[in-house]
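Have a look at the structure below before the remarks.
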Amino acid sequence: MPSPPVRPAPGSPSSLRDANQRRVLDLLRTRAEPGPASGSRVDGDDAPTPAVFTQAELARATGLAPATVSNIVRDLGATGLVEVLPGSGRRGSSVRLASRAAYVVGIDFGHSHVAVAVGDLLGEPLREERQALAEDLPHDEALATAQSLLDLMLADLPPAPALHLVLGLPAPITDDAVGSPAIFPGWEGVDAREVAEAAFDLPVTVENDANLGALAEHRTGAARGNDSCVYVKISSGVGAGVVLGSEIFRGAAGFAGEIGHLTLDDQGPMCRCGSRGCLEAYASIGAILALMSGQQPGAVLDDIIAAADEGSSAARRTFEDAGLHLGWGLASIVNLLNPHVLVIGGDLARAGDLLLEPARVGLRRHTLDAVSATPVRRSAHGGRASLLGALLLAAESTDLLAER
């Protein structure tokens with residue numbers, strides 16, 4: 001990896017210039033909203049585009065002098081980071097981020113898959129690929145598969161540098177390593193950031209997959225417009241991502257949100273973590289399949305969802321029991337954190353209200369009246385939430401000035 005750039009000394013003219021440029025870039029790195037006002041979409045399609053500002057608007061919003069903004073726009077335009085659109089005079093012209101001047105990369109590993117995406121500087125996906133993996137695949141083989149997918153996607157896009165990569169893993173992350181190897185074998189004792197940077201030759205951020213899902217739902221999904229949310233991902237395991245004050249909350253050692261191992265009954269079924277009666281033992285795909293193995297031998301999750309939709313009382317009861325236990329776990333979150341919104345994602349969320357309605361009942365049973373109506377919503381991004389969150393975090397983590 002190249003050495004990190006040397007930043008100007010604090011208080012120097014170049015440091016002040018960089019600070020002013022960052023203020024302008026922070027505004028330009030916002031997404032456009034539909035409408036005729038400043039910040040409307042201008043590309044004529046439904047894909048999010050960079051917000052558009054006149055130079056006068058940039059000056060007012062940043063508090064910088066109009067002449068300073070004009071100089072910044074000229075300098076950033078020369079580097080290819082911003083685009084200047086025709087307007088009335090130099091300072092009346094409109095400006096937006098050149099969002100496709102470079103790319104960011106998101107990689108989401110599951111227990112049996114890898115998903116890779118290339119996005120623009122807003123974190124908007126441009127290409128995506130997903131491939132099944134053998135469970136417990138060694139990390140080096142898993143990374144090689146991801147690298148092959150990434151190379152194919154970059155070859156299919158206009159030439160531009162990739163600036164940052166976010167790697168999502170389905171386990172707690174402590175000091176860039178998997179904090180609980182029993183939860184995600186194949187990565188035990190591995191410095192995930194170090195091996196990923198060596199594999200991809202890019203700056204890498206390593207993050208828990210549920211945290212990435214929470215970020216995606218908060219920024220662009222079911223929790224958009226709220227200061228806080230908790231995203232619960234239910235697939236082979238159960239994990240939660242927490243956003244407080246619009247930022248990911250990871251906890252002291254990266255274990256915030258591990259509600260899958262919240263004990264509901266210490267005499268309950270054995271969990272893979274070694275404890276008994278964990279939420280994951282009641283509300284996960286494995287739990288659903290185990291309960292229905294007698295009625296539907298060899299069935300997969302979608303078979304059981306279909307049976308429930310067709311009126312199978314056993315299938316419906318299975319989702320009801322899982323949902324009630326899920327609600328119990330959600331109640332612990334709500335009583336402790338009082339988030340604005342709860343978002344349910346992961347593969348089990350495909351069951352929709354078969355799962356969510358009993359979860360709301362369980363939530364009401366175990367919370368104080370004042371918070372019992374906390375919204376419980378299905379993920380807006382479905383199985384893509386963690387991957388989209390990886391792109392968004394990669395875009396937010398990229399220092400455009402340092403990478404010019």
Side-chain angles (χ1 to χ4, degrees), residues 1-5 18 21-22 24-32 41-53 72-85 94-108 114-131 143-168 193 196-207 212 215-216 219-220 384 387-404:
M1 290 294 300
S3 300
D18 278 5
Q21 288 181 343
R22 290 178 199 282
V24 171
L25 278 173
D26 284 345
L27 277 178
L28 296 177
R29 291 171 79 165
T30 57
R31 289 170 171 239
R41 294 175 185 171
V42 297
D43 284 344
D45 58 30
D46 292 331
T49 59
V52 178
F53 298 86
I72 290 172
V73 168
R74 181 197 64 215
D75 292 344
L76 294 178
T79 68
L81 283 177
V82 303
E83 298 171 341
V84 179
L85 308 175
S94 296
V95 182
R96 67 178 176 184
L97 182 72
S99 60
R100 299 193 183 184
Y103 303 127
V104 295
V105 179
I107 298 179
D108 171 42
V114 61
V116 183
V118 177
D120 66 15
L121 294 178
L122 293 178
E124 179 65 18
L126 303 173
R127 296 288 188 279
E128 295 179 45
E129 293 288 345
R130 182 184 177 99
Q131 185 168 313
L143 287 171
T145 300
Q147 185 176 24
S148 296
L149 294 175
L150 176 59
D151 289 344
L152 289 173
M153 285 185 283
L154 289 174
D156 192 41
L157 287 166
L163 300 184
H164 200 94
L165 184 152
V166 168
L167 179 69
R193 182 180 64 82
E197 287 187 341
F200 296 98
D201 194 28
L202 287 172
V204 172
T205 298
V206 182
E207 187 56 85
L212 295 174
L215 188 73
R219 299 292 197 263
T220 63
R384 300 169 68 223
L387 182 61
L388 296 180
L391 285 180
L392 289 167
L393 183 59
E396 294 178 10
S397 301
T398 300
D399 186 340
L400 294 178
L401 292 183
E403 298 289 348
R404 282 181 299 181

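- Looking only at side-chain heavy atoms (C-beta outward), Leu202 and Glu197 stay at 4.5 Å or farther from each other.
- In this structure, the separation between CG on Leu28 and CG on Leu81 is 9.5 Å, given to the nearest 0.5 Å.
- A distance of 12.0 Å separates CD in Glu128 from CG in Leu149, rounded to the nearest 0.5 Å.
- Taking the side chain as every heavy atom from C-beta outward, Leu391 and Val104 approach each other to under 4.5 Å.
- Electrostatic pairing of Arg29 and Glu396 does not count as a salt bridge here, judged by no charged N lying under 4.0 Å from a carboxylate O.
- Interatomic distance, Leu143 CG to Ser148 OG, rounded to the nearest 0.5 Å: 11.0 Å.
- At least one donor-acceptor pair under 3.5 Å links the side chain of Gln147 to the backbone N or O of Ala199.
- The closest side-chain heavy-atom distance from Ser99 to Glu83 is not below 4.5 Å.
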Self-check item: Criterion side-chain contact (heavy atoms from CB on, under 4.5 Å) on Leu150 and Val118, from CA distance to verdict
Solution: CA-CA 8 Å; Leu150 176 59; Val118 177; 3.6 Å; yes

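- Rounded to the nearest 0.5 Å, atoms CZ (Arg100) and CD (Glu124) are 8.0 Å apart.
- Contact annotation: the side chain of Arg193 never approaches that of Thr205 to less than 4.5 Å [non-hydrogen atoms, C-beta and beyond].
- Scanning both residues, Ala146 and Phe200, for their nearest heavy atoms gives CB-CZ, 4.0 Å.
- Side-chain contact between Leu152 and Glu129: absent, with no pair of heavy atoms (C-beta onward) separated by less than 4.5 Å.
- Val166 places none of its side-chain heavy atoms less than 4.5 Å from the side chain of Val204.
- Considering Val73, Leu97, Thr30 in turn, Thr30 is the only one that fulfils the side chain to side chain contact (heavy atoms under 4.5 Å, CB included) rule with Phe53.
- Taking 4.5 Å as the limit, some side-chain heavy atom of Leu393 sits within range of a side-chain heavy atom of Leu212.
- To the nearest 0.5 Å, atom CG of residue Leu163 and atom CG of residue Leu400 are 7.0 Å apart.
- Put simply, the side chain of Thr79 gets close to the backbone of Leu76: a donor and an acceptor are under 3.5 Å apart.
- Taking CG from Leu126 and CG from Asp156, the interatomic distance works out to 10.5 Å, rounded to the nearest 0.5 Å.
- The side-chain heavy atoms of Leu122 and Pro50, taken from C-beta on, include a pair separated by under 4.5 Å.
- Here the closest non-hydrogen pair linking Val105 and Ala162 is CG2-CB, 4.3 Å.
- Under the 4.0 Å criterion applied to side-chain N and carboxylate O atoms, Arg22 and Asp399 are assigned as salt-bridge partners.
- Residues Ala102 and Ala160 share a closest heavy-atom pair of CA-CB, 4.1 Å.
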